[in-house]
Amino acid sequence: MNAYTTSHRSKKEDRIMLALLRLSAFLAVAILVFIVGYIMVQGFPVLNLGFLLSSPTKMGREGGILPSIVGTVVLTLLSAAIATPLGVGTAIFLTEYTREGTFSKVIRFGTESLAGIPSIIFGLFGFLFFVIRLNMGWSILSGALTLASMILPTVVRTSEEAIRTVPDVYREISFALGGSRWQTVTSVVLPSALPGIVTGIILAIGRAVGETAAVIFTAGSSLRLPQSIFDPVRTLPVHFYILAREGISIENAYGTAAVLMIAVLLVNVSAYLIINRVAARRLERR
Amino acid sequence: MSATAPTGSECKVQAINFSFSYAYGETKALHSLNLAIRPGSLLTIMGPTGSGKTTFLRALNRLNDRVAGTGHTGQLLLDGKDVYGQEVDVAELRRRVGMVFALPTPLPLSIYENVAYGPRKKGIRSRAKLDTIVEKALKTAVIFEEVKDRLHSSAQRLSGGQQQRLALARVLAVDPEVILLDEPTSGLDPLSTLRIEETLRQLRSDFTIVLVTHDPLQAARIKSDVAFFYLGELVEIGPATEIFTRPQDRRTEDYITGKFG
Amino acid sequence: MRNKEKLVEILLTLIGLSSVTVLGLIILFIFKEGLPAFAQVGLWQFVTGTRWSPGKNLLGILPMIAGSFVVTAGALVVGLPLGLGCAIYLSEFATAKTAAILKPTIELLAGIPSVVFGFIGLTLMVPFIRNFFGGPGFSVLASALVLGIMILPTMVSVSYDALRAVPPVYREGMLALGSTDWQAVKMVVLPAARPGILAAAILAMGRAIGETMAVIMVAGNSTIIPTSFLDPVRTLTSNIALEMGYATGLHRQALFATGVVLFVIISILNLTARVVVRGKTR
C-alpha cells in the first residue's frame, strides 16, 4: 500500500483543516470589511456639503475640512508628478538602455532598499533635507518631495513589470524599420505598457493619500487653506490623526476618516478596473 | 545565371570569410561564410533549424546587436561597404535593409500607422507625403484593395496573411534596397503562403531579396537562386533548377529529399 | 538625431540613479544628525540603556527596541496564520468565483490608511481589552492585534501569488497517489511555495516594525520594557514621532539616533530576508 492512503484519520484531518482555513479566510475578510463599514457608518452622518466645503474652526472641533481636502489632493498629485518621470525613467533605463550587470544591480538594490524603509524615516529625512537644508519650510512642496521619494520604488517596480510584458517583437520591428532606441520607447514600448504604468502610479497615489508619518514632519499641520505649494498644509490623515488622538472631536474624526477612506477606495478601485480591462483585452486579442 | 559568380562591385551583398558567434564566442553560428548576392535578385536560403540562416539575416541589418555577447570576424558588405564598419549609422542601414519577421505581428497601431511608422521615424511629417507613401507601399504589397476602407482601424484585426503582407508594406514604405524575409510564411495557411510567394516574385526585379525558409518545397516553388545552409556553413548555392535536380553535396540531397530537417 | 539619442541616454542614466541617490541622501542626513548622540551618550549606553528621560539626559532606548520586537512578533502571531490560512483557502479550496471576489476585496483593503487601523484600535480594541483583561487597555496586545490586522492584505496577496505559482501537476500527482486535498497542500504545495510565503512574512514583518501612527494610538507609549501582554509599550518609531515635535539639542539628536537604530535593524532584516529567500529558491 502506498503512504498516502485515504485513511479515516486523514479524512478527518482534511475536514478540520478545511474548516480552519475557511474560518481564517472569513475572519480576514470580515475584519477588513468591518473596519471600512464601521468608519463609513460612523462618519456618514457628519458628511455634508458644509463639512466638505468649509474651513475648520476651534482647532477642528467645529467647521469642515476643506483645507485638508485641497491640501491632500494637491500634495498627492504633486508627489505623483515628481515620482512618475523618475520612476518610469528608471524603469525605461533598466529595461531598454542597460543590460543586466553591476550598474543595474546597484539601481535595483537602491530601489529595493528604498522600498523597505519605514515612512517615519522618510519623514525624518524630508524634515532634515527639504524642510531645513533646502529651506523649503513646512510646505506642500516639502511634503510632496518626501512622498515622491517614498513612492518612487513602487512606480519603478510596477512600470518595469509593465514594460517587460511588451512583446519583444514590437521592439525588433521598430528597430528593423530604422527606429532609434528612444523612438522605439516612445512610440511602441510606452504606449503598450501605459495601462500597467498608470495602474502602478494610481496604486502609489493610493498609498500616498493615506500616509501620515512622512507628511506630518514635512508638510506641517496648518489648518489654513493653502495659497501656493510653498504653504504648509494639514493633510486628511494628519488632520484625522490629530482630531482622534487629541480627542478634539471624535465626530469630525469619523467624518474625516470616511472622506479619506472613500478617496483611497476610489483610487484603488480605479486601478483595479484598469487592470481588469487590460486583462480582458489581452484575452480578446488571442 | 549563377549566384556564385559575381565579384566586387557587381554585388549588392557579399560575405567574405564571415563568421558569427553568440555567448561570448561559446556558440559559433556561422563559419567563414562566403556568399555574394547580385542586385535585383532573389536568394532563397534554406536549411534546418540551427543552420545559421536567421543569424545571417540578423547580421545583415545588425538586429543581432541587441543580443549581448555576440561577435564576428571577416566582412559582411553592402554595396562594398562593411555593415559593421565604424562610420555606419545603424538606423540608416536598417532603412536600407528591411526585414519581415517570421510571425505576422502588426504593431498595436492602425493599419495606416503601421505602414507610416518607418517614414515617420525618418522624420517625414507631411500628411500628404505620408498618404502617398502608405498607399504606394500597400499597393506594392498587394493589400491595398482589401484594406483601403479601414486604414485607420486596428491592424490586429487583419488575418494572418493580410498581416504579413502589411508587414511587407511596412518595410516597403521606408524604401529599402534589400528586403530580408525570415520564414515569412511559417505561420500562414497554404493559400496565403502562395500569395506571398507570388508577391515576392513580382518584387524581385526592383529589390534584392533574401528569403529564409526551412521548407525546401518553398525554395523549389520560388525558382530563384537557392543556398543551402547546414550547421553554420554554406553547403551549396546555385539556381533552384540545379540544386533540386543535381545537388552536388550529399547533405543537400538528404535535406531536399526529406531525410532530415 | 544621434546627439539627441545620446542626450536621452545620459538623462535616463541620471534618472536611473535617482533612487540610489535618495537612499544615499537618507543615510547621509539621518546618520549625520544622529551620530553625535551616539558619541555623546555612548553607542552601547544608548542601545542598552533602560531609561529614557530626556529631561534628565537619560537616553537609553532598550525599552523601545524591546517594544518594537515584542509588538512585531505579536503582530506576526496574529497576522501570519490568519493571512496564510486565508491565502491557502483562496488558492486551493475556494471556488474560482469566491476567489475572484475575495482576492480583490482584500487587495483593495490594503489601501486602508494606517491611521484608520489605529483609530479602530483606539475606539474598539483598547476599551475591550481594558474591560475584559484589565490593565490600561493601551498595550502590547492592542498593538499586536492592530498590526496583525494591518499586515493581513500583504500576507494574503503575496503568499496567494506564491501558492498559485506552484504548478497544478504537483497537486494532481499527489491526488493521483490517493492523498486528500489537505495532504497534497501540506506535503507538496506548501513546501514548493515556501520561498514566496517566507517573502510574504518578511514583507509583513517590515511593515509591522516600521509602522508608526497606528501603534502610537493604541500602545500607551510608556518607556518601560513590557513584562506582560497587557502592559503599555513604546516602539522605536513611536519614540521618534511622539517627541520630534518639541525636541531640541541632544534630545533631538537622540531621536535621529533612534532613527539610525531603526534603519539598521530594518536593513539587517531585509538583507537576511534577501539571502534566505534566494537560498530557498535555489
Side-chain angles (χ1 to χ4, degrees), chain A residues 2 4-6 10-11 13-14 17-18 20-22 24-25 27-29 31-32 35 38-39 86 89-90 92-94 97 106-107 110-111 113-114 116 118-121 124-125 128-129 149 152-153 156 180-182 206 210 212-213 217 237 240-241 244-245 257 260-261 264-265 268-269 272, chain C residues 1 5 8-9 12-13 15-20 22-23 25-26 29-30 33 81-83 85-86 88-90 93 102 104-106 108-109 111-117 119-120 122 149 152 156 174 177-183 206 210 212-213 217 237 240-241 244 256 259 262-263 266 270:
Chain A
N2 68 55
Y4 307 119
T5 311
T6 319
S10 58
K11 262 190 192 158
E13 189 191 329
D14 230 47
M17 280 317 297
L18 184 55
L20 282 177
L21 292 174
R22 193 172 273 149
S24 59
L27 266 181
V29 176
I31 292 170
L32 295 169
I35 291 175
Y38 185 78
I39 295 287
L86 294 178
T90 302
I92 293 173
F93 180 75
L94 284 174
Y97 278 81
V106 169
I107 293 176
T111 316
S113 306
L114 214 53
S119 56
I120 182 88
I121 302 269
L124 290 181
F125 161 69
L128 288 174
F129 189 61
S149 320
L152 182 59
V156 173
S180 70
R181 226 190 264 213
W182 183 239
T212 314
F217 299 122
F240 165 64
Y241 171 74
R245 188 167 141 67
L260 181 59
M261 199 76 113
V264 170
L265 288 182
N268 282 8
V269 167
Y272 180 73
Chain C
M1 186 78 145
E5 284 292 315
V8 167
E9 190 168 349
L12 282 174
T13 314
I15 287 176
L17 285 170
S18 57
S19 44
V20 186
V22 172
L23 181 67
L25 284 173
I26 289 178
F29 274 82
I30 307 272
E33 200 68 17
L82 207 54
C86 181
I88 295 176
Y89 178 74
L90 290 183
F93 296 100
L102 293 190
T105 308
I106 289 172
L108 286 181
L109 298 176
I112 300 177
S114 59
V115 277
V116 171
F117 285 101
F119 186 58
I120 294 283
L122 177 72
I149 294 169
L152 273 180
V156 174
M174 281 297 286
L177 286 174
S179 81
T180 63
D181 289 333
W182 168 245
Q183 279 172 331
T212 311
M213 295 323 202
M217 294 167 98
T237 52
I240 300 167
M244 201 60 211
F256 281 100
L262 178 65
F263 184 89
I266 293 216
N270 283 347

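In what follows, every chain begins at residue 1, and chains take the letters A, B, ... in the order their sequences are listed.
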Worksheet entry | Side-chain heavy-atom pair Leu124(A), Met244(C) within 4.5 angstrom cut-off | yes

Practice prompt. Kindly compute the distance separating CZ (Phe125(A)) from CG (Leu25(C)), expressed to the nearest 0.5 Å.
Written response: 4.5 Å

Discussion item. I'd like to verify something: which residue of Ser114(C), Gly85(C), Gly206(C) has the highest number of heavy-atom pairs under 4.5 Å with chain A?
Written reply: Gly85(C)

Item to complete: State, to 0.1 Å, how close Met213(C) and Ala213(A) come at their nearest heavy-atom pair, and which atoms those are.
Response: CE-CA, 3.7 Å

Worksheet item: Which region of Val115(C), side chain (C-beta onward) or backbone (N, CA, C, O), has a non-hydrogen atom less than 4.5 Å from a non-hydrogen atom of chain A, or is it both or neither?
Response: both

Worksheet, complete the sentence: Correct closest heavy-atom pair for Trp182(A) and Leu12(C) would be CZ3-CD1, 4.0 Å

Worksheet item: Quick one: what part of Ile26(C) sits under 4.5 Å from any heavy atom of chain A, side chain, backbone, both or neither?
Response: both

Item to complete: Locate the shortest heavy-atom distance separating Tyr272(A) from Pro104(C); write the atom from each residue and the value.
Response: OH-CG, 3.1 Å

Fill in: Side chain, backbone, both or neither of Phe93(C) within contact of chain A (heavy atoms, under 4.5 Å)
side chain

Worksheet item: Partners of Leu82(C) by side chain to side chain contact (heavy atoms under 4.5 Å, CB included), sequence neighbours excluded?
Response: Ser24(A), Leu27(A), Ile31(A), Leu152(C)

Worksheet item: Atom CD of Glu33(C) and atom CZ of Phe129(A): how far apart are they, to the nearest 0.5 Å?
Response: 13.5 Å

Practice prompt. Give, as side chain, backbone, both or neither, the part of Ile30(C) having an atom under 4.5 angstrom from any heavy atom of chain A.
Written response: both

Discussion item. Can you tell me which of Thr90(A), Asn268(A), Leu128(A), Val269(A) forms the most heavy-atom pairs within a distance under 4.5 Å of chain C?
Written reply: Leu128(A)

Item to complete: Answer yes or no: is there a side-chain heavy-atom contact under 4.5 Å between Tyr89(C) and Leu20(A)?
Response: no

Item to complete: Work out which heavy atom in Pro118(A) is nearest to a heavy atom in Ile266(C); give both atom names and the distance.
Response: CG-CD1, 3.4 Å

Worksheet, complete the sentence: Here the pair of heavy atoms bringing Asp14(A) nearest to Gln183(C) is OD1-N, 3.9 Å

Discussion item. Taking side chain as everything from C-beta outward and backbone as N, CA, C, O, which of these in Leu152(A) sits under 4.5 Å from a heavy atom of chain C? Side chain, backbone, both or neither.
Written reply: side chain

Response to the item:
Looking only at Val156(A), Val264(A), Leu265(A), most heavy-atom pairs under 4.5 Å shared with chain C are made by Val264(A)

Worksheet entry | Interchain contact, Asn270(C) with chain A, by part (heavy-atom threshold 4.5 Å) | side chain

Fill in: Part of Thr212(C) lying under 4.5 Å from any heavy atom of chain A
side chain

Item to complete: Just do the side-chain contact (heavy atoms from CB on, under 4.5 Å) check on Phe240(A) and Val116(C) with the steps written out, would you?
Response: CA-CA 9 Å; Phe240(A) 165 64; Val116(C) 171; 4.2 Å; yes

Worksheet item: So what's closer than 4.5 Å to chain A heavy atoms on Glu9(C): side chain, backbone, both or neither?
Response: both

Worksheet item: Do you know which of Gly83(C), Gly210(C), Pro81(C), Pro113(C) has the most heavy-atom pairs under 4.5 Å to chain A?
Response: Pro113(C)

Worksheet item: Looking at side-chain heavy atoms only, is the closest gap between Ile120(A) and Leu262(C) below 4.5 Å?
Response: yes

Worksheet, complete the sentence: CG of Asp181(C) to CE of Met17(A), rounded to nearest 0.5 Å, is 12.5 Å

Practice prompt. Over all heavy atoms of both residues, which pair between Gly110(A) and Leu23(C) is shortest? Give the atoms and the distance, please.
Written response: CA-CD2, 4.0 Å

Worksheet item: Under a 4.5 Å heavy-atom cut-off, does chain C meet the side chain of Ile92(A), its backbone, both or neither?
Response: side chain

Practice prompt. Could you tell me which portion of Ile149(C) (side chain, backbone, both or neither) has an atom closer than 4.5 angstrom to a non-hydrogen atom of chain A?
Written response: both

Discussion item. Once salt bridge (charged side-chain N to carboxylate O under 4.0 Å, His left out) is applied, do any residues pair with Glu13(A), and if so which ones, sequence neighbours excluded?
Written reply: Lys186(C)

